2 protein chains.
Amino acid sequence: MSIAKTSQRRADMIVETRAKLMAAGRRAFAAKGYAGASMDDLTAEAGLTRGALYHHFGDKKGLLAAVIAEIDSEIAARLRVIIAQADTAWDAFIDESVAWIEMSMEPEIRRIMLLDGPAVLGDPSGWVGQTACVDSTARSIRRLIDEGLAKPVDPDAAARLVNGAALSASLWIASAEDPRAVSARAIESFLALASGLRKHA
Amino acid sequence: MSIAKTSQRRADMIVETRAKLMAAGRRAFAAKGYAGASMDDLTAEAGLTRGALYHHFGDKKGLLAAVIAEIDSEIAARLRVIIAQADTAWDAFIDESVAWIEMSMEPEIRRIMLLDGPAVLGDPSGWVGQTACVDSTARSIRRLIDEGLAKPVDPDAAARLVNGAALSASLWIASAEDPRAVSARAIESFLALASGLRKHA
DNA sequence: CGCTTCACATACGAAGCGTATGCGAACCAG
DNA sequence: CTGGTTCGCATACGCTTCGTATGTGAAGCG
């Protein structure tokens, strides 16, 4: 071994470069918003130039899309953990939704995925495969219907509605003066709404 | 009369100029999005220059805010008509929500208010007084609670959730291949969710 | 060992935004 | 009626930023 392979392989350097650009992009987009983030600045912060960025991501929107895909998969992983810990299918659905409300209050998710993402890339319905949270909610609802716990609504439609409600709630909470108190009221209302999906209750 | 007053008064010209700029802004923002709309182009289309725009609205965001306020008040007026035509408080609430789902499918409202607005101006919670639709929903819910028809949830919180759900539904519908069919499924799910707000049912 | 490939840098042109300045017509004092 | 001020709007300028076109040097391959 000794000195052998001190120089990383080509492929390794590439993924490292991509990772550095995406990390810088996440920071810049989260801090200044998509429009306010300068590609010269964020590439310099990553120790590179715009040349690298255009080579790997095509254009500014490409970097945003990549960053969003990354954040989305992280969200999906976090939701999976929440769901796995729940005792019943109904609990899983509720816990997941509440977790999503809380996650969308995080500045990075809020700014990049919820505000700039739809404006720049078009609304999320088009982001094929990049909507882990909605997909996850749809799966939970489908499971509820299969188990006879929920009304036989369209799972995808219901998932969109539930996610939209949660999203709107978190935007509201995040900009409130007393997030804790507002959050409690929002979750209470959410539980009431969600109960509308239950079978006979 | 004859030729008298062929020249309008100063104030009249000002409101006309503002109106022309806002109309051109609405068209440009709706057609190309906020970022894609050039101020040189849209002012030229109005027969003016950027000078007039900066004089009246301060900057590009100022024009967007004015356009959004105008659209918002139009929405509020349309919702008032819907509510007035309903027989019961519950019908008013449902009709209003469904109308909002359908309105947010209109390209102008979708692009300007729902996609670009939050990204440029910050999320809507901060647009004091410029959230007629949420306010309207909150009033409807308050009325339901007063009449004992709805659970005693926080009206503002519930209104946000309901509006968010509706908004998400319409974004989804608008980008679907078969809007009619998807719309029906979305509204069915919405009715199920909304039933969660009813008192004992 | 020379040629190709490819990751990335450099250089250039084109918009677009905001501001500073200019102009002309409407109000106002005397 | 006249000289000055206000103000609605246009013109002119600089700066930033994006996208592309081109250059370069190192790794791979015959």
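Throughout, a chain's letter reflects where its sequence line sits, starting with A, and its residues are numbered from 1. Computed from a predicted structure; not experimentally measured.
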Nearest of [options] to any side-chain atom of [X]?
X       : options               : answer
A:Leu48 : D:dA10, C:dA7, C:dA9  : C:dA9
A:Ser38 : D:dC9, D:dT17, C:dG16 : D:dT17
B:Tyr54 : D:dC9, D:dT20, C:dT19 : C:dT19
A:Ile14 : C:dA7, C:dC17, C:dA9  : C:dA7
A:Arg50 : D:dC9, C:dA11, C:dC8  : C:dA11
A:Thr17 : C:dC17, D:dT17, C:dC8 : C:dC8
B:Met39 : C:dC17, D:dG8, D:dT11 : C:dC17
A:His56 : C:dA7, C:dC17, D:dT20 : C:dA7

Tell me the interatomic distance from [X], atom [atom1], to [N], atom [atom2], rounded to whole angstroms.
X       : N      : atom1 : atom2 : result
A:Leu42 : D:dT16 : CG    : P     : 17 Å
A:Lys60 : C:dG16 : NZ    : C1'   : 13 Å
A:Tyr34 : D:dT17 : OH    : C1'   : 12 Å
B:Phe57 : C:dG18 : CZ    : P     : 14 Å
B:Asp59 : C:dG16 : CG    : P     : 17 Å
A:Leu53 : C:dC8  : CG    : P     : 11 Å
A:Leu64 : D:dC18 : CG    : P     : 13 Å
B:Met13 : C:dA25 : CE    : P     : 12 Å

- Message: Which is more 5' along DNA chain D, the nucleotide nearest A:Gly51 or the one nearest A:Asp40? Just name the residue.
- Response: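 Residue closer to the 5' terminus by nearest nucleotide: A:Asp40.
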- Task: Tell me what A:Thr49 touches on the nucleic acid: a base, only sugar-phosphate, or nothing, going by heavy atoms under 4.0 Å.
- Result: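 Answer is base: heavy atoms of A:Thr49 come under 4.0 Å of a base.
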- So what does A:Ala37 touch, heavy atoms closer than 4.0 Å: a base, only the sugar-phosphate, or nothing?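 Answer is sugar-phosphate: A:Ala37 comes under 4.0 Å of backbone atoms only.
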- Any Lys/Arg nitrogen of B:Glu74 or B:Arg80 sitting under 4.0 Å from an Asp/Glu carboxylate oxygen of the other?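 Judged by the 4.0 Å cut-off on N to carboxylate O distance, B:Glu74 and B:Arg80 do not form a salt bridge.
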- Item | Carboxylate-amine/guanidinium proximity below 4.0 Å for B:Glu108 and B:Arg27 |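 B:Arg27 and B:Glu108: not salt-bridged.
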Is it true that the side chains of [X] and [Y] contain a donor and an acceptor less than 3.5 Å apart?
X        : Y        : result
A:Lys151 : B:Ser189 : no
A:Ser38  : A:Lys32  : no
A:Thr137 : A:Asn163 : yes

- Query: C:dC8 phosphate, OP1 or OP2: any side-chain N/O from A:His55 under 4.0 angstrom?
  - Reply: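 The answer is no; no side-chain N or O of A:His55 sits under 4.0 Å from OP1 or OP2.
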